[in-house]
Each structure stands twice: as structure tokens, then as C-alpha cells.
Number of protein chains: 4
Amino acid sequence: MVTRKDIVKERILTVAMKVFSKYGYFGAPVQLVAKEADVSKGLVFWYFRSKDELILEVAKRSLPLDLINRGLEKGLVGRSLLESIGEEYIKKYVDPMQRNLLLHTMSLGVTSPDIAVHIREICERTIIRLAERVFGEATLPNRVAMRAFLGGLMCYTLRPPKDIDEKTFLENLINMVLSVSKQYKNMDSS
Amino acid sequence: MVTRKDIVKERILTVAMKVFSKYGYFGAPVQLVAKEADVSKGLVFWYFRSKDELILEVAKRSLPLDLINRGLEKGLVGRSLLESIGEEYIKKYVDPMQRNLLLHTMSLGVTSPDIAVHIREICERTIIRLAERVFGEATLPNRVAMRAFLGGLMCYTLRPPKDIDEKTFLENLINMVLSVSKQYKNMDSS
Amino acid sequence: MVTRKDIVKERILTVAMKVFSKYGYFGAPVQLVAKEADVSKGLVFWYFRSKDELILEVAKRSLPLDLINRGLEKGLVGRSLLESIGEEYIKKYVDPMQRNLLLHTMSLGVTSPDIAVHIREICERTIIRLAERVFGEATLPNRVAMRAFLGGLMCYTLRPPKDIDEKTFLENLINMVLSVSKQYKNMDSS
Amino acid sequence: MVTRKDIVKERILTVAMKVFSKYGYFGAPVQLVAKEADVSKGLVFWYFRSKDELILEVAKRSLPLDLINRGLEKGLVGRSLLESIGEEYIKKYVDPMQRNLLLHTMSLGVTSPDIAVHIREICERTIIRLAERVFGEATLPNRVAMRAFLGGLMCYTLRPPKDIDEKTFLENLINMVLSVSKQYKNMDSS
DNA sequence: CATGAATGAGCCTTCATTCAT
DNA sequence: AATGAATGAAGGCTCATTCAT
């Protein structure tokens, strides 16, 4: 059941993403988030114990974890899982708001150990689950491949090359990534 | 002639890079920079009119402009210019301090309009000069190629793939970039 | 008849005494009292219109009024009334919680005019009733004697001298106090 | 040399004593102290790192340590030291401001462990030095006697009995205190 | 040039209090 | 009665910036 409480908390979070995206985590006072969400400053602290907690929640959402989990939940494996994630990834970050937020989060990860740790843990776990579902097992080379996959996507969205269309890019990236595993070797989409 | 003034200003800048890299542009008060540089807070404002000016100066240095200009000044052209820049680029950003600073600057570029403008202008001009020296003229495809070159380097340093060594990466990147121009077509370094 | 209402209100008050004793009237938020009493914050305000009202109620209990009234209700007069009160006084304030609370209340009496007034009124009236029951009439010297009695007890409990036992102390204090009235002159307990 | 810096800091402290005395340590915002001292809020934090530090400094001054040290520095010993201290003690606390401040400090000592520890340490050391100068050595009974002396003075000032004049009180208190040591036994002022 | 005292705006956070349910 | 969401007013503290020396 979705209570009124959940709705308000969600609204605050959504607004916070917009505001933080525009002004940065430190450039935007909690006050501004509250005002934009049309609630009192106090209420933000009722739902999030501190600004850091709010930032952490927003930072989590700025990462591609949501779409990765969605892909995993669909029950997809191998190439089709990567395709699904790749498409959603690019879809998410064509939104400049999301792209900027991701930049802020990456910058934050450098300075705030607290938040960095949190994020790192989550990423670590996700990478492993992803490797398992794509390759069958999360060996080191497989995990590295998953990182390359996500890193490649990140670079693509951060600085999309004008001369490579999404389809082509994705196909090549996925081929490269899958080539680390024998089962996909010499099995290009060509 | 290098005056005492230059030495002190330089020291402040160097320290500011370290401090901002560690705590972020907003997380580090001017006071901290002054303390680490062993000067008074007032002196920092003597050399830099405001914190924003100091940040701007540091942000400039965090970008790869310096090494690009150095390459240009060497009088190199074409492939050897790209090789020189590529090597220096990677050399600069293996330093985590520089890498983190670059992240902060990218995040900053999203929120701070006037700093963003400043940086963009400089980049724009550099890209053009670079294209001219590599390809002979700064046509749109050539400028795009230059952006791809720099973007590729950025991604490489931000998330260095374990399975590609620096030499190989650079060679492939340069080949790809040069291939947009007829004069380099089918003219691999081989 | 003791209603459920009374029970809850009483629990809140008891807990408030503990909490205020530990953190001071201003150091303890109402929220903390509610939590320790295992009720909602709103309920505290249902029973006590404001925090000040709660503080006042606790402050009253921190004073020795209860045991004085109990003594009066026993129908005691003269020396035996003082003895009863004296013993109960010391018994109450051997509890560090009560002692600390008394200190907070004394400090509060200095700053909070309306609470101070309230307390002063109550004290004034009690002193008079006490003087009447001890000496027969509340003349000025008699009232002063009553203050000396209570003041002496307060000092004793706040900083109990190691070399004077309770019995001896009380006997001497009462003798001194009673000596202001002719009827007790030269009428030591011996 | 008394610098301008010292003067300003001293003014803030003096004002803080007045303000805290009137409103209590927690009832008075730093802002109010600053305003009354005619300086900016920021400056108070320039001289005192936090409100707690300011409170501690004021709390120290609210105790009778100053006059005790002054007595010690005069080189007095035995009875004359106690007489000097006793007179100054009463002189200090006839000022309601000082009396109220002392009450606040005592209340504070209960809740703020930090400050309590600080104060306790200072008191401990002073008691010992006092015992040494009064009795020649700081044996346990001598130290207890010193506590009784100071405790007696405190009670006297907090609730001055109308029927005992200062001279008489002091004489009796000192006689009592000195009687714990053989060298003063049977050496009453009578 | 250099220092550090001084200012004031602004931010995070707490908390008494109200109110719909 | 009882809950806890919601509000808004302060308060402590930081920090960029200025200025007298």
C-alpha cells in the first residue's frame, strides 16, 4: 500500500534530484529542496535524518543501479541482459539532469568517504550479480568485463561521440565484453 | 624573471590543487588552503580576488590544457602531436590527485555558469588550434575527431581498463581519430 | 478513583523527572521524555499544554513541598513536625536524581520569571502554614526561622558534611530554629 | 602588554557573565552576548571556538577560584588566609549576578560532563593548595575541612540567614574549620 | 606585501507546537 | 485519547570577504 507518507518522501527525493543536479550537492541548501517540493524545511529532516542522508539517497539513484536491477529481475541472461541494460542506461542518461547528477556523485565519491563506501559496496555487489547472470560465474575476468561494460557506457553518455549511433556503439561494446568468455568467442552478431 | 610574488602565488596554487582535490571545491575553505600553504588567509585574497577566482585558476590547471599547449608549442603536427599529447595526458592523470581534481572540475562545470563559460571558451579555442595542427584545417568533422580523442583519453584515465596497456590504447585511439581524414586513410602506423 | 488517564500522566511526570534531572530542563527535548515514557510526543502535549507547564509540574515536585505537606497533614506540631519534615527531607534528597533536579530548579528560578513566581507563591504560603503549625503564629521572626530551617536542610543535602551524622545535624538545626520562640527557649530536647 | 585583542575578549567575557546570569547558559543565544558586547556574532566564535568554550570560561569565573588564588598569592597562611578568602567570598556573591551565575554553573555541572570534569579538576587542585597553606599539609581531614569551609560559605551566600551577621558567621565557620587540626585546637578566638 | 581581527550572510539542525486522522 | 506528520522559528557554527595596521 502506498501511503501518503511514501508519496511525500518520494516527492522530496524527486525534487532533490532536480535541485542537486542543477546546483550540486553542496550548492543547494536543504531549504531550496524543501521550497521546491512545497514542504517545510523541517519535514525534509523528518524523512531524512540529515542532509548527508538525503544526499546519499539521491546519489544512489543517480547511479545506474536501478536499471541494472530491473534487468536482473526480468530474468534475462547473457547477451540479452546486456542489451537490455545498455539500452536503458543510455535512455536514462540522455536526460541532462541524470547526467549531471552522475557527475556530482562521482565527484562526491572522491571527497566523502562515508558516501563513497556506501556506493562502493552497492556497486561491488551489483557487479558480481551481473557477472553471474551474464557469464554464469563471477570470475575475476568476468567481473572486470562487467566493469568495462559499465565504464564504457558511462563514457559514452558523458561524452557521446557524434559519429557513432547508439545501436552500433552498443553492439560493439557488448561483443567486446562477451569475447572474454569462451562460450561467446567467435560468436559475433555478424 | 621569477619574482618572489610569483613564487608565493605559485605555492598557493599548488597547495590549492592538493586541498581542493581532497575536499572538493566547496568542501575546502580558503582558510585551509592558506594554512597548508603557510600563509595568512588575507594573502590568498591578495593574490586571488575571490575564492571563485582561485577555483577558476585551479580548475584550469585540472584540465589537460597545459599539456596540449606544450604539445602545440613543440611545433609538432599530425600523428606525432597526438602521440605527444596522449602520452602526457596519461602521465598527468595517473596521479590520483589530478584525476580527482578533474572530476571536481567536471562536476563544477555543470553548476557554476561563469566558470563553465570560461572553461568552455578555452576548450573551444584549443580544440580548433589542435584540429588545425593535426589535420591542417578545423572542419567540423576534424573538430569532432579532436573531441573524441580527448574524450577517449579522459575515459581511459578515469576508468583505466586493466586489459589494455597504455601503448596499445593510444595507438588504436589515434588511428581511429586520424581515420576521419582522407590524408590519413589506410595509412596505419604499421 | 485512579483512572487510566492519571496513570499515564503520572508516568510521564515520573519519567520527566528522571530525564530533566539528567539533561536539565533545557537540555532534554519533550521528544526524549515521550520516548522514555513510551508514549507519543503528541500525548505529552495532551496532558501538559506546553513544555513550560511540564517543567513547572516537575519543578514543583523537585521542591520539598510534598514532604512538608505530608508532615502538615499528619497533624504534627512543634518539634515533632520539624523532626518529621527534616527526616523526610534528607531521605528525599539522598537520591542524586532529586538533588540534581533541585539544582536545576533553583537555576531555573533565577531566569524564568513566571515559573519563579509560581514557585515563590507556593513557597511563601507553605512557609506561613509551617510557621503557624510550629510556633502557633506566623510572625516575621517565625517565618524567618522556617526559612532558616529549610535553607539549612538544603545546604546539608547539597553538600553533606562527612563529619556530621544526620541525627546530630537535625537535632542541632531544630534546636537552633526553635530557640527563636520564647516557648521553646531553654527547652532543649535533653 | 594589554592588546586590543585582550580588551575585546575581556569585554565579551564580561558581557557573557551578565547575559548568562540573567538568562541562563542555555537561555541566552550567543547572538545576544554579541549584541550586548557590541560585536558581531562571528567575533565571539573567533575568540571562543564554540559556545561551550565560552560557557566554560564564564563558568570558571563564576566559581570562587579567583579570590582563592588571590588570597594564596598574598602569601597569607592559617587563619588570616581563611579570613581573607571568607571576606572576599561574601563580597563577591552579594552581587546577585554572581550568585545567579553560580547557581547556573552548579546546575550545569550536573548535566555537562565535559564542563563538570574541567571544573572538578580545578577545584580539586585548589582545595589541596588551600589545605597546604592553611594547615601545612593536605591530609584527608584537612582537605575535608577546606571543603566544609567553602561549602559553608556557599550556603551562606546562597541563602544568607537574616539573624547572623557576616562577621559572626565567618568567625564561627573559621573556628570550626580550624578545630580539626591540633595546632589550632583550644585556640579559639575567645 | 602580509597579517589576522572583524563582519555578516547563510546553512544545517533542533525542537516546541499544532493538527489531521 | 493517541499518534506522528508537518511547521516554522531560532540557534550554533562556518566561511567568504573586508579592512585596519
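Every chain is numbered from 1, with letters handed out A, B, ... down the list of sequences. The model shown is predicted, which means the values in this text are computed figures rather than measured ones. These values consider heavy atoms only, across backbone and side chains, with no hydrogens, waters or symmetry-generated copies.
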Measure from [atom1] on [X] to [atom2] on [N] and round the result to the nearest Å.
{"X": "Phe26(C)", "N": "dC15(E)", "atom1": "CZ", "atom2": "C1'", "value": "13 Å"}
{"X": "Tyr47(A)", "N": "dA6(F)", "atom1": "OH", "atom2": "P", "value": "3 Å"}
{"X": "Lys51(C)", "N": "dT17(E)", "atom1": "NZ", "atom2": "P", "value": "8 Å"}
{"X": "Ile55(C)", "N": "dA16(E)", "atom1": "CD1", "atom2": "P", "value": "8 Å"}
{"X": "Glu53(C)", "N": "dT17(E)", "atom1": "CD", "atom2": "P", "value": "10 Å"}
{"X": "Leu43(A)", "N": "dG4(F)", "atom1": "CG", "atom2": "P", "value": "15 Å"}
{"X": "Leu32(C)", "N": "dC15(E)", "atom1": "CG", "atom2": "C1'", "value": "12 Å"}
{"X": "Asp38(B)", "N": "dC1(E)", "atom1": "CG", "atom2": "P", "value": "18 Å"}

Checklist line | Pair Tyr25(D)-Ser112(D), side-chain hydrogen bond (donor to acceptor under 3.5 Å, both in side chains): steps then yes or no | finding: CA-CA 11 Å; Tyr25(D) 288 120; Ser112(D) 170; over 6 Å; no
Note to self: Between dT17(F) and Lys41(B), counting only base atoms on the nucleotide and side-chain atoms on the residue, is there a donor-acceptor pair under 3.5 Å?
What the structure shows: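 Yes.
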Check: Between the side chain of Ser107(C) and the main-chain N/O of Leu103(C), is any donor-acceptor distance below 3.5 Å?
Finding: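 Looks like no, no N/O pair under 3.5 Å.
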Next item on the list: Inspect the surroundings of CZ in Arg120(B) and state if more than 12 heavy atoms from other residues, nucleotides or ligands are less than 6.0 Å away.
Entry: no
Checklist line | Any-strand Watson-Crick or G-U partner of dT7(E), both distances under 3.5 Å | finding: dA16(F)
Check: Does dA1(F) have a Watson-Crick or wobble mate here (both distances under 3.5 Å), and if so which one?
Finding: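 Checking every strand shown, dA1(F) finds no partner, since no pair has both distances under 3.5 Å.
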Item checked: Minimum side-chain heavy-atom gap His118(B)-Leu56(B) below 4.5 Å -> yes
Next item on the list: On DNA chain E, check which nucleotide each of Gln31(C) and Asp52(A) is closest to and give me the residue with the more 5' one.
Entry: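 Nearest nucleotide further toward 5': that of Asp52(A).
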Next item on the list: Tell me which of Tyr25(A) and Ser40(D) sits closer to the 5' end of DNA chain E, going by the nucleotide each one is nearest to.
Entry: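 Counting from the 5' end, the first nearest nucleotide belongs to Ser40(D).
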Notebook entry, point to check: Taking only N and O in the side chain of Arg4(A), is any of them less than 4.0 Å away from OP1 or OP2 of dA6(F)?
Noted result: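 For dA6(F), OP1/OP2 do have a side-chain N/O of Arg4(A) under 4.0 Å.
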Next item on the list: Answer yes or no: is there an ion pair linking Glu53(C) with Lys9(C), defined by an N-O contact shorter than 4.0 Å?
Entry: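 Lys9(C) and Glu53(C): not salt-bridged.
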Margin query: Counting only side-chain heavy atoms from C-beta out, which of dT17(E), dC13(F), dA16(F) sits nearest to Phe45(C)?
Written below: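 Of dT17(E), dC13(F), dA16(F), dT17(E) is nearest to the side chain of Phe45(C).
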Notebook entry, point to check: What is the nucleic acid contact for Phe48(A), judged by heavy atoms within less than 4.0 Å: base, sugar-phosphate only, or nothing?
Noted result: nothing
Item checked: 5' priority, DNA chain F, between Gly42(B) and Val39(C) [closest heavy atom] ->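 Whichever sits nearer the 5' end wins; that is Val39(C).
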